2 protein chains.
Amino acid sequence: MTIRRIGEFTDAPVRRGRPPLDRERLVGAALEVLDEVGLDGLTMRCLADRLGVKAASLYWHVGNKEELLGLVADEIGAGVREPDLSLAWRERLEALAWENRRVLLSHRDAVRILAGATPTGSNRLRLAEITLRALLEAGLAHQEAAHASLLLTDYATGFVSEEVMLANAARKRGMRLEEALAEVRGQFESLPVEEYPSMVMLAGQLTNADADERFRFGLEVLLDGLEKRLIEGG
Amino acid sequence: MTIRRIGEFTDAPVRRGRPPLDRERLVGAALEVLDEVGLDGLTMRCLADRLGVKAASLYWHVGNKEELLGLVADEIGAGVREPDLSLAWRERLEALAWENRRVLLSHRDAVRILAGATPTGSNRLRLAEITLRALLEAGLAHQEAAHASLLLTDYATGFVSEEVMLANAARKRGMRLEEALAEVRGQFESLPVEEYPSMVMLAGQLTNADADERFRFGLEVLLDGLEKRLIEGG
DNA sequence: ACCTGAACACCGTTCAAGT
DNA sequence: ACCTGAACACCGTTCAAGT
């Protein structure tokens with residue numbers, strides 16, 4: 001007579017003490033792998049390894065890799081905290097933009113995943129809704145509010161995608177961000193002055209490491225531009 | 001005695017009447033493949049096929065795929081026409097933004113390639129220079145001009161990347177863009193009204209197909225915001 | 001119900017060898 | 001100088017089979 005472990009040959013076997021996979025654990029593991037090796041390193045095989053399972057098993061829980069990345073995008077997007085509704089519309093939009101950026105920076109290559117996925121999840125619908133509400137409350141026309149909500153979302157996405165690019169390039173070459181910035185500054189400074197007078201002159205400002213300050217600048221420009229339409233329109 | 005074709009066994013053989021490859025023809029073919037099958041379909045093997053050559057041959061002309069994509073990025077970027085210097089700073093920046101968008105739409109997945117490559121090519125330096133010049137001419141402070149130039153470039157990139165996403169998703173499902181937009185509109189309209197009042201109300205405006213108009217809106221908002229800093233600062 | 005083995009049809013890249 | 005054959009070390013995905 002052979003000895004059987006509990007659960008063996010039943011409908012809900014406990015394999016080596018581990019519960020069966022589910023989408024939640026899958027997404028969690030994907031986030032871990034992502035932070036360690038980046039999007040290009042996040043392969044189904046590698047993800048399976050981390051979960052102590054074979055790659056083919058993942059396809060029981062998820063249709064394909066794209067669907068998995070969609071779930072990851074939703075999970076990351078869920079991290080955006082809604083701004084306090086007692087805030088005035090402008091502060092509310094500012095808070096939203098900062099939250100967007102924070103979340104896009106919260107996991108390696110999060111921008112690439114969020115920007116690559118069509119926004120279907122309910123989190124993103126909710127964020128669109130509160131953005132629109134603030135814009136309508138401010139007094140923008142319907143079409144302008146619609147445009148502006150996309151504009152604000154795209155701003156955060158575009159900013160972070162740019163912000164992260166040099167950092168990634170630096171990492172790939174084993175440099176720190178500051179070193180990479182200094183290198184670029186040197187390149188700008190040594191450009192031919194007659195041909196590139198402004199680049200040479202602004203070499204320092206163009207390679208300013210203070211991304212927060214730059215994000216604030218762009219956000220203010222955007223909101224100032226929107227506010228102008230308000231006054232003229234109303 | 002064996003018959004030899006002209007050039008055989010010499011240092012510059014003409015193979016089957018075709019000149020040997022060079023980087024220029026490589027980049028040209030890459031652009032063709034890109035437009036037909038998109039970035040994901042642009043493989044070294046497929047590109048080699050198109051050139052009547054084996055994949056390994058490409059590595060004689062180019063270090064690796066990333067370098068090739070860098071060359072493609074440069075080639076695409078070279079299509080941006082410089083604005084007439086007789087224009088006022090604001091019109092010059094507007095022209096630049098529209099040119100940026102036009103070029104980013106001129107080849108399939110051009111945004112992904114341009115946004116993914118660190119801007120090293122001389123074209124992009126030149127564009128940065130004339131953008132900065134316009135901003136300084138307008139009267140922006142050095143740091144603000146530097147920030148604003150990135151802001152404007154990122155705007156075009158971010159806009160097109162968003163603009164192209166739904167179109168790509170539609171293509172993958174064999175739909176036309178208008179159909180996809182109508183579908184999304186339907187989804188927004190049938191959202192629960194108590195939870196998503198603004199989304200329901202603005203379903204039509206959010207799925208407006210007029211991307212030109214939306215681009216113009218965002219650009220005006222940006223430039224208005226910049227102009228405000230001018231008046232206050234000067 | 002959940003997982004595995006083994007395969008399929010791909011990738012980018014290298015390198016000794018051909019002409 | 002330029003190209004090829006053949007291989008290496010990977011991919012995502014499928015599917016019959018196991019438990």
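Nothing here was measured: the structure is a model prediction, and the numbers come from that model. Residue numbers start from 1 in every chain, and the chains themselves are labelled A, B, ... in the order their sequence lines are given, proteins ahead of strands.
Following rounding to the nearest Å, B:Lys65 (NZ) and C:dT13 (P) show an atom-to-atom distance of 8 Å. Rounded to an integer number of Å, the gap from CG of A:Asn64 to C1' of D:dC11 is 15 Å. Between B:Leu68 atom CG and C:dG12 atom P the separation is 10 Å, expressed in whole Å. Put simply, CZ on B:Arg25 is 12 Å from P on D:dC2, counting in whole angstrom units. Rounded to an integer number of Å, the gap from CG of B:Leu58 to P of C:dT13 is 10 Å. Rounded to whole angstrom, the span from the CG atom of A:Leu47 across to the P atom of D:dG12 amounts to 10 Å. Residue B:Tyr59 contributes atom OH, which lies 17 Å from atom P of C:dA16 at whole-angstrom precision. If you take CE of B:Met44 and C1' of D:dC11, they are 17 Å apart, rounded to a whole angstrom.
Residues that satisfy the side chain to side chain contact (heavy atoms under 4.5 Å, CB included) test with A:Glu82, not counting sequence neighbours, are A:Arg126, A:Ile130. Every residue meeting the side-chain hydrogen bond (donor to acceptor under 3.5 Å, both in side chains) condition with B:Glu163, not counting sequence neighbours, appears here in chain and number order: B:Arg101. Partners of A:Ser198 according to the side-chain hydrogen bond (donor to acceptor under 3.5 Å, both in side chains) rule, which considers only residues two or more places apart in sequence or in another chain, are B:Glu129. For A:Arg81, there are no side-chain hydrogen bond (donor to acceptor under 3.5 Å, both in side chains) partners, not counting sequence neighbours.
Listed by first and then second residue, the side-chain hydrogen bond (donor to acceptor under 3.5 Å, both in side chains) pairs involving residues 172-189 of chain B are B:Arg173-B:Glu183, B:Arg176-B:Glu178, B:Arg185-B:Thr207 (not counting sequence neighbours). For the ring-ring contact (aromatic ring centres under 6.0 Å, His included) condition, no pair includes a residue of residues 102-132 of chain B, sequence neighbours left out. Residue pairs that meet the side-chain hydrogen bond (donor to acceptor under 3.5 Å, both in side chains) test with at least one member in residues 150-162 of chain B, sequence neighbours left out, are B:Glu162-B:Arg214. Pairs passing the side-chain hydrogen bond (donor to acceptor under 3.5 Å, both in side chains) check and including a residue from residues 59-68 of chain A, sequence neighbours excluded, read A:Arg23-A:Glu67. Contacts classified as salt bridge (charged side-chain N to carboxylate O under 4.0 Å, His left out) and involving residues 29-44 of chain B (residues at least two apart or in different chains) are given here: B:Glu32-B:Arg50, B:Glu36-B:Arg50, B:Asp40-B:Arg112.
The shortest heavy-atom contact between A:Leu127 and A:Gly77 is CD1-O, 4.5 Å.
B:Asn100 places no side-chain N or O within donor-acceptor distance of the main-chain N or O of B:Ala156, the cut-off being under 3.5 Å.
A sub-4.0 Å separation between OP1 or OP2 of D:dC3 and a side-chain N or O of B:His61 is present. Phosphate proximity of C:dC2 to A:Trp60: present, with a side-chain N or O under 4.0 Å from OP1 or OP2.
Nearest-nucleotide positions on DNA chain D for A:Cys46 and B:Ala55 put B:Ala55 closer to the 5' end.
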Exercise. Just by protein heavy atoms under 4.0 Å, how would nucleotides 5-10 of chain D read 5' to 3' in B, S and -?
Worked result: B-B---

Exercise. Taking only Watson-Crick and G-U wobble pairs with both distances under 3.5 Å, what dot-bracket line describes DNA chain D, where [ ] shows pairs that cross earlier ones and | shows pairs with another strand?
Worked result: ||.|||||...|||||.||

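Within residues 26-41 of chain A, no residue has any heavy atom under 4.0 Å from DNA chain D.
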